[in-house]
Protein chains: 2
Amino acid sequence: MRRDVFQAIADPTRREILNMIAHESLNVNAVAGHFDVSRTAVYKHVKILTECGLVVMKQQGRERFCEAKLEKLNEVSDWVEQYRKFWDARLDSLENYLSELQTKNKEDGNK
Amino acid sequence: MRRDVFQAIADPTRREILNMIAHESLNVNAVAGHFDVSRTAVYKHVKILTECGLVVMKQQGRERFCEAKLEKLNEVSDWVEQYRKFWDARLDSLENYLSELQTKNKEDGNK
DNA sequence: TATAAATGGAACCTTTTGGTTGCACAAATT
DNA sequence: AATTTGTGCAACCAAAAGGTTCCATTTATA
């Protein structure tokens with residue numbers, strides 16, 4: 001059973017769950033209430049999110065609150081950002097700017 | 001058949017394929033050569049990547065080159081970045097700085 | 001104390017996923 | 001012309017994913 005962040009966020013329901021609890025923790029029933037599928041189905045999604053560290057459960061009486069650990073998304077962010085240089089226009093112009101600077105410095109050196 | 005970028009990058013093999021062709025396009029056999037699984041299995045992964053726009057195929061004689069379209073990762077980046085305010089320490093200190101400024105301005109106003 | 005509410009999880013089912021082998025076909029080589 | 005190379009795809013398979021219903025258990029409440 002592979003449980004990594006990439007696989008966890010692949011499912012749209014799980015992304016929606018994360019969005020719901022991003023601002024405030026909710027108990028399992030509150031989360032399940034927002035979906036058409038059964039509570040058990042939602043519970044399974046929450047479980048997967050906890051297994052990869054994106055969510056932690058906090059017991060409180062008979063309720064269990066789901067708390068988002070969004071810093072785990074760092075893994076995804078890091079992975080994506082390593083490729084930004086291949087497509088981001090802003091980075092392109094930064095590179096152009098830097099290479100222009102280099103050219104200019106060389107010219108200055110030649111003076 | 002759901003074919004979105006999130007689902008496409010959920011598989012580690014597909015992420016590795018993207019990494020292989022990020023710098024230079026490779027034909028299907030070249031890509032397949034780097035994996036233990038069959039060429040057909042790799043071809044299927046490439047097909048999924050093309051179906052969500054992360055890769056385009058360019059015919060060249062009898063070969064077909066796989067070219068990465070990494071700007072598609074923008075969707076992932078945008079999704080992740082909307083949550084950064086919940087966990088990024090740098091952003092935290094920026095917020096602290098801004099609220100300090102506010103406090104200071106209020107104090108100045110009271111003088 | 002009896003009942004309702006909130007949850008975890010077993011058992012089961014269907015669809016999707018990731019893999020295989022084998023074959024067909026076009027392009028390049030001998 | 002015959003053969004090798006690169007590829008696409010059908011057919012098939014096992015395992016995983018995503019869903020269901022039903023039941024057990026614990027905690028709150030009438």
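Letters A, B, ... mirror the listed sequences (proteins, then strands); counts begin at 1. Treat the numbers as computed from the prediction; the structure is a model and nothing was measured.
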Asp36(B), CG: over 12 other non-hydrogen atoms inside 6.0 angstrom: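 Not buried by this count: 12 neighbours or fewer within 6.0 Å.
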
Rounding to an integer number of Å, can you tell me how far [X] [atom1] sits from [N] [atom2]?
{"X": "Asn27(B)", "N": "dG6(D)", "atom1": "CG", "atom2": "P", "result": "7 Å"}
{"X": "Gln7(A)", "N": "dT17(C)", "atom1": "CD", "atom2": "P", "result": "12 Å"}
{"X": "Asp11(A)", "N": "dA16(D)", "atom1": "CG", "atom2": "P", "result": "18 Å"}
{"X": "Phe65(B)", "N": "dG6(D)", "atom1": "CZ", "atom2": "P", "result": "10 Å"}
{"X": "Arg3(B)", "N": "dT16(C)", "atom1": "CZ", "atom2": "C1'", "result": "9 Å"}
{"X": "Asp36(A)", "N": "dG18(D)", "atom1": "CG", "atom2": "P", "result": "17 Å"}

Between OG1 on residue Thr13(A) and CD1 on residue Ile48(A), distance to nearest 0.5 Å: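 With rounding to 0.5 Å, OG1 (Thr13(A)) is 10.5 Å from CD1 (Ile48(A)).
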
Spacing of Leu49(A) atom CG and Lys72(A) atom NZ [to the nearest 0.5 Å]: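 Output value for this atom pair is 12.0 Å.
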
4.5 Å side-chain heavy-atom contact, [X] and [Y]:
{"X": "Met20(A)", "Y": "Phe35(A)", "answer": "yes"}
{"X": "Val28(A)", "Y": "Met57(A)", "answer": "yes"}
{"X": "Tyr83(B)", "Y": "Asn19(A)", "answer": "yes"}
{"X": "Leu73(B)", "Y": "Phe86(A)", "answer": "no"}
{"X": "Val55(B)", "Y": "Leu18(B)", "answer": "yes"}

side-chain N/O Asn29(B) vs dT7(D) OP1/OP2, d < 4.0 Å: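 Answer yes for this pair, as a side-chain N or O of Asn29(B) is under 4.0 Å from OP1 or OP2.
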
Under 3.5 Å, which N/O atoms of the protein pair with N/O atoms of nucleotides 9-11 of chain D?
{"from": "dC9(D)", "atom 1": "OP2", "to": "Tyr43(B)", "atom 2": "OH", "distance (Å)": "2.8"}
{"from": "dC9(D)", "atom 1": "N4", "to": "Thr40(B)", "atom 2": "OG1", "distance (Å)": "3.1"}

Nucleotides 26-29 of chain C: which of its N/O atoms have a protein N/O under 3.5 Å away?
{"from": "dA27(C)", "atom 1": "N3", "to": "Arg62(B)", "atom 2": "NH1", "distance (Å)": "3.3"}
{"from": "dA28(C)", "atom 1": "O4'", "to": "Arg62(B)", "atom 2": "NH1", "distance (Å)": "3.4"}

Worked verdict on Val5(B) versus Asn74(B) for side-chain contact (heavy atoms from CB on, under 4.5 Å): CA-CA 10 Å; Val5(B) 181; Asn74(B) 223 333; over 6 Å; no

5' precedence on DNA chain D between His45(A) and Glu63(A) (nearest-nucleotide basis):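 Closer to the 5' end of DNA chain D: His45(A).
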
